[in-house]
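The structure under discussion appears below in the form of structure tokens.
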Amino acid sequence: MSTLHADLQLAWPGFTLAVQTSIALSGITAVFGPSGCGKSTFLRIVAGLETGAAGSLRLDDEVWQGPTRGRPLPAHERGVGLVFQDARLFAHLDVQGNLRYAQKRANQRANQRALKSSSAPDIGWEAVVQALDIGPLLPRGIHALSGGERQRVAIARTLLARPRLLLMDEPLAALDVRRKAEILPLIERLPAAFGIPVLYVTHELSELTRLAQQMLLLHAGRVAALGPLDDVLQRLDLPGVDPFEAGVLLRLRVLAHDTRWQLLTLDLTGQRMSVPVPASAWPAVGTDLRVRVRARDVALATQPQQGLSIRNQLQATLLQLQMTEASAQAEALLDVGGQRLRARLTRQAVSELGLREGQTVWALVKSVALEDTPAAAS
């Protein structure tokens, strides 16, 4: 596993990026944060496309930028691949021509001294075409592709350039929900299929929770957090995370299928949850799944409730309460059999219910988002 070490500064009128961090490159690391926080700028510096940055940058012991070398290592010598929001394909070439161009350039670079000692993976044509499901697209012109097809071809072209680090700058931002759903599983499999770690820029929590194993959170040009996805999501003190979407991931196991009501029965360390899922999408009994639960979809009670439409009630321990007089809202962190759950409620409710840290409560879960990927593969 390689590690990217960054101590970078870049000042523009009204904005300063100052990133000091070390990222263990394994699987998919999401670079996350609100618009304007410096995510894409950081990625461009790593790619070698932002020459105005000061400071140091190295991959393991290989210095890409810093006082020990005169000029930053040029982008084409870093062995990274960058996928942009727009596909940036060659319009005068068909799909196969775009891919062959990248493959030819990769073979040329492999013979250059700068990359002889690199760990660039040996990525084959057939493997890439199959992984991105673009075989039928090879003879087509670029103008004949949909937006989703263009992005799949762009990812394939980047892979055939044999990068040792894949950088993706909001590659799904211009696509509709259906096209995103088609491409997300393909992106998800890239690190395992080709042995390439990914830095993935996004401001969408749904993409973050679906794809990433760890996240780098940027806020106002600074590192607000870095760590495993679950650990960071459960923190109550993070800036720049939309409170409307904030939540956690739970790991559950499929216990049974309820054919009458189209429900999955899931086990959460001895407690049960029911999740509405069409029978056509049912995973097998025994499958481990990830479920995203937003804080705004969790209510708290001091005793079990009856006569409610909310089906999921989980016994929990109230670990942490966070609130200030400047806000009507309170944030709660709960322990449910060793996993964490977040809840958002009002300070008035905290007071009237007499809630306190260490107390046993019941979490009433209104709705969840069932992630498509088994937890074992995440």
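Ion pair Arg78/Glu62 not flagged as a salt bridge, since none of the NZ, NE, NH1 or NH2 atoms sits closer than 4.0 Å to an Asp/Glu carboxylate oxygen. We find that Asp335 and Arg340 are joined by a salt bridge, their nearest charged nitrogen and carboxylate oxygen being less than 4.0 Å apart. At a threshold of 4.0 Å, the pair Arg235-Asp237 counts as salt-bridged, since one of the basic side-chain nitrogens sits closer than that to a carboxylate oxygen. Classification of Arg253 and Asp267 as a salt-bridged pair fails, no side-chain N sitting under 4.0 Å from a carboxylate O. Taking 4.0 Å as the cut-off between side-chain N and carboxylate O, Arg251 and Asp230 count as a salt-bridged pair.
Screening residues 142-160 for salt bridge (Lys or Arg N to Asp or Glu O under 4.0 Å), with sequence neighbours left out, gives Arg140-Glu149.
For Gln130 (side chain) and Ala127 (main-chain N/O), no donor-acceptor pair under 3.5 Å exists by modelled atom type. When atom types are taken as modelled, the side chain of Asp86 and the backbone of Arg88 share no donor-acceptor pair closer than 3.5 angstrom. Between the side chain of Glu207 and the backbone N or O of Lys180 there is no donor-acceptor pair closer than 3.5 Å. Gln151 places a side-chain N or O within 3.5 Å of a backbone atom of Phe84 that can act as its donor or acceptor partner. Looking only at distances, a side-chain donor or acceptor of His257 sits under 3.5 Å from a matching main-chain atom of Pro283.
Glu357 CD: more than 12 foreign heavy atoms inside a 6.0 Å radius. Surrounding CZ of Arg347 are more than 12 heavy atoms belonging to other residues, nucleotides or ligands, all under 6.0 Å away.
At a threshold of 4.5 Å between side-chain heavy atoms, the hydrophobic network of Ile, Leu, Val, Met, Phe, Trp and Tyr places Leu205 and Leu236 in two separate groups. Each of Leu333 and Leu300 belongs to its own hydrophobic cluster when Ile, Leu, Val, Met, Phe, Trp and Tyr are linked at side-chain heavy-atom distances under 4.5 angstrom. Follow the hydrophobic side-chain contacts under 4.5 Å out from Phe15 and you reach Val19 in the same cluster. Cluster membership for Leu145 and Leu93, using ILVMFWY side-chain heavy atoms within less than 4.5 angstrom, is not shared. Criterion: ILVMFWY side-chain heavy atoms under 4.5 Å apart, direct or through other members. Under it, Leu364 and Leu250 are not part of a common hydrophobic cluster.
With contacts defined as side-chain heavy-atom distances shorter than 4.5 Å, the pair Ile123/Val128 qualifies. When side chains are defined from C-beta on, Met273 counts as touching Leu252, because their heavy atoms get closer than 4.5 Å. Annotation: side chain of Leu266 is not in contact with side chain of Leu255 (no heavy-atom distance under 4.5 Å). Between Val232 and Met215, the closest side-chain pair of non-hydrogen atoms falls below 4.5 Å. Looking at Thr41 and Leu10, their side chains come closer than 4.5 Å, going by heavy atoms from C-beta outward. Taking the side chain as every heavy atom from C-beta outward, Thr3 and Ile23 never approach each other to under 4.5 Å. Counting heavy atoms from C-beta on, the side chains of Val95 and Asn98 never come closer than 4.5 Å. Put simply, the side chain of Trp261 does not reach to within 4.5 Å of the side chain of Arg311, judged on heavy atoms.
A cation-pi geometry, defined here as NZ or CZ lying under 6.0 Å from the six-membered ring centre and within 45° of its normal, does not hold between Arg69 and Trp64.
Residues passing the side chain to side chain contact (heavy atoms under 4.5 Å, CB included) test with Arg178 are Asp176, Glu182, sequence neighbours excluded.
Between Ala256 and Val285, the shortest heavy-atom distance links the atoms CA-CG2, 4.2 Å. The shortest heavy-atom contact between Ile28 and Ile187 is CD1-O, 3.8 Å. Shortest non-hydrogen contact noted between Leu59 and Ser2 is CD1-CB, 3.9 Å. Contact detail for Ile45 and Ala53: the closest heavy-atom pair is CD1-CB, 3.6 Å. Nearest approach of Gln262 to Trp282, heavy atoms of both residues: CA-CZ2, 4.0 Å. For Leu217 against Gly33, the heavy-atom pair with the smallest separation is CD1-CA, 4.1 Å.
Distance check, rounded to the nearest 0.5 Å: CZ of Phe32 to OG1 of Thr209 gives 9.0 Å. Put simply, CZ on Arg58 and CG on Leu73 are 14.5 Å apart, with the number rounded to the nearest 0.5 Å. Here Gln9 contributes atom CD and Thr16 contributes atom OG1; the two are 10.0 Å apart, rounded to the nearest 0.5 Å. The CG atom of Leu49 sits 10.5 Å away from atom CG of Asp169, with the distance rounded to the nearest 0.5 Å. Rounded to the nearest 0.5 Å, atoms CG (Leu138) and CZ (Arg100) are 8.5 Å apart. With rounding to the nearest 0.5 Å, the separation of OG in Ser309 from NZ in Lys366 is 10.0 Å.
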- [ ] Let me see the working for Gln348 and Glu352 under side chain to side chain contact (heavy atoms under 4.5 Å, CB included), right down to the final yes or no.
- [x] CA-CA 6 Å; Gln348 181 187 34; Glu352 293 185 355; 3.3 Å; yes

TODO: Give the C-alpha distance, both sets of side-chain angles, the deciding distance and a yes or no for side chain to side chain contact (heavy atoms under 4.5 Å, CB included) between Ile142 and Asp94.
DONE: CA-CA 6 Å; Ile142 300 306; Asp94 60 16; over 6 Å; no

- [ ] Any chance you could lay out the side chain to side chain contact (heavy atoms under 4.5 Å, CB included) test for Leu172 and Thr202, step after step, and finish with the verdict?
- [x] CA-CA 9 Å; Leu172 308 183; Thr202 182; over 6 Å; no

TODO: For Val293 and Val365, run side chain to side chain contact (heavy atoms under 4.5 Å, CB included): C-alpha distance rounded to whole Å, both residues' side-chain angles, the deciding distance at 0.1 Å, then the answer.
DONE: CA-CA 8 Å; Val293 183; Val365 182; 3.9 Å; yes

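Looking at Tyr200 and Glu170, their side chains never bring a donor and an acceptor atom within 3.5 Å of each other. In this structure, a donor-acceptor pair under 3.5 Å is absent between the side chains of Gln65 and Ser56.
Between Tyr101 and Phe90, the ring planes are perpendicular. Angles over 60° get that label, and only those under 30° would be called parallel.
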Please report, to 0.1 Å, the donor-acceptor pairs under 3.5 Å made by any side chain of residues 312-324, with sequence neighbours excluded.
| residue | atom | partner | partner atom | Å |
| --- | --- | --- | --- | --- |
| Asn312 | OD1 | Ser274 | N | 2.7 |
| Asn312 | ND2 | Ser274 | O | 3.1 |
| Gln313 | OE1 | Gln305 | N | 3.0 |
| Gln313 | NE2 | Gln305 | O | 2.9 |

